[in-house]
Amino acid sequence: MRQCKARSHRIDATNGTDQPNESTEQLSYPGAPRWAKILGIGAGGLVVLFSIIFLTGVGGPHGPGRHLPSSNADGAVVNNARQGAQLP
Amino acid sequence: MIMSPRLRSFVLTLHVTCSAGLIGAVAGFLALGVAGLISEDAVVVRATYVAMELITWSILVPLSFASLLTGVVQSLATPWGLFRHYWVLAKLLLTVAVVIILLLQTEPISYMAAVAAKTTLSSVDLRDLRLSLVLPHAGGGLLVLFLIIMLSVYKPRGLTRYGWNRQHARRT
């Protein structure tokens, strides 16, 4: 059984052909591999962490516009810079 | 849709070029950001933020989209597929996340460039924003891009349920 499961997950990543080579001899889906679960849990944890920080306001206001003044004058500065205009 | 070997090699070359170029450009962006933070020369500080905006719009954004597009084409046109193997799916999700975060960061980057072009920045001016561009975003982006390259090289095993069903159905 162990050998069968090992075969079902085998991928020849170093066969030089860059082609997938995973066997599906097993009748039932073996589930996600451990590395995918760890990566998923890590990514999910980061999303939850940033969501908590964002929703609770811990660490101050966050987001890409948090440092930007909201006045029109500064918006004009940004727009001028994007258009390559010479600023005084 | 399966590409001919010659076309596949060409698209793969494009994908590797865009992806490697992207990680190099992010490294350059990071170096400029660090220089902008630690330099005491006002001219250097002003120049770094103007250069960071230039790199963002002329290299980072185009290469990130090109890397995503060539990766999707490459996977859809080869037996790897886009949703059949976990490593391909992980690469796709991580690349999409990189593109979204990069696009969100373009506004503060342009703002910094505009301020730097207009005024002389002292070491404490807009410190939070300047630090934010360097450590969490450029540094984190570099790590994620390195992870994406590792996935490409190692191609860790594991079929998704969709990929498994597809292969199993074909064999039976």
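By convention in this document, chain letters (A, B, ...) are assigned in the order of the sequence lines, proteins followed by strands, and residues within each chain are numbered from 1. Atom set for the values below is all heavy atoms of this structure, side chains included, hydrogens, waters and symmetry mates excluded. None of these values were measured; they are calculated from a predicted model.
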Let me check something: do Met150(B) and Ile38(A) share a hydrophobic cluster, defined by ILVMFWY side-chain heavy atoms less than 4.5 Å apart, either directly or through other members?
no

Using a 3.5 Å distance criterion without hydrogens, assess whether the side chain of Tyr29(A) forms a donor-acceptor pair with backbone atoms of Leu159(B).
yes

Same hydrophobic cluster for Val44(B) and Leu32(B), using side-chain heavy-atom links shorter than 4.5 Å among ILVMFWY?
no

Residues of residues 40-49 of chain A within contact distance of chain B, non-hydrogen under 4.5 Å:
none

Hydrophobic clustering (ILVMFWY, side-chain heavy atoms < 4.5 Å, transitive) - are Leu60(B) and Leu147(B) grouped together?
yes

Is it possible for you to say whether Leu104(B) and Tyr49(B) belong to one hydrophobic cluster, with membership spreading through side-chain heavy-atom contacts below 4.5 Å?
yes

Decide yes or no on side chain to side chain contact (heavy atoms under 4.5 Å, CB included) for Leu151(B) and Trp35(A), but give the supporting numbers first.
CA-CA 11 Å; Leu151(B) 286 171; Trp35(A) 73 264; 3.9 Å; yes

With the 4.5 Å side-chain cut-off for hydrophobic clustering, are Val99(B) and Leu69(B) part of the same group?
no

Nearest non-hydrogen partners of Gly158(B) and Pro33(A), listed with the distance:
CA-CG, 3.8 Å

Report which part of Ile101(B) has an atom under 4.5 Å of a heavy atom belonging to chain A: side chain, backbone, both, or neither.
neither

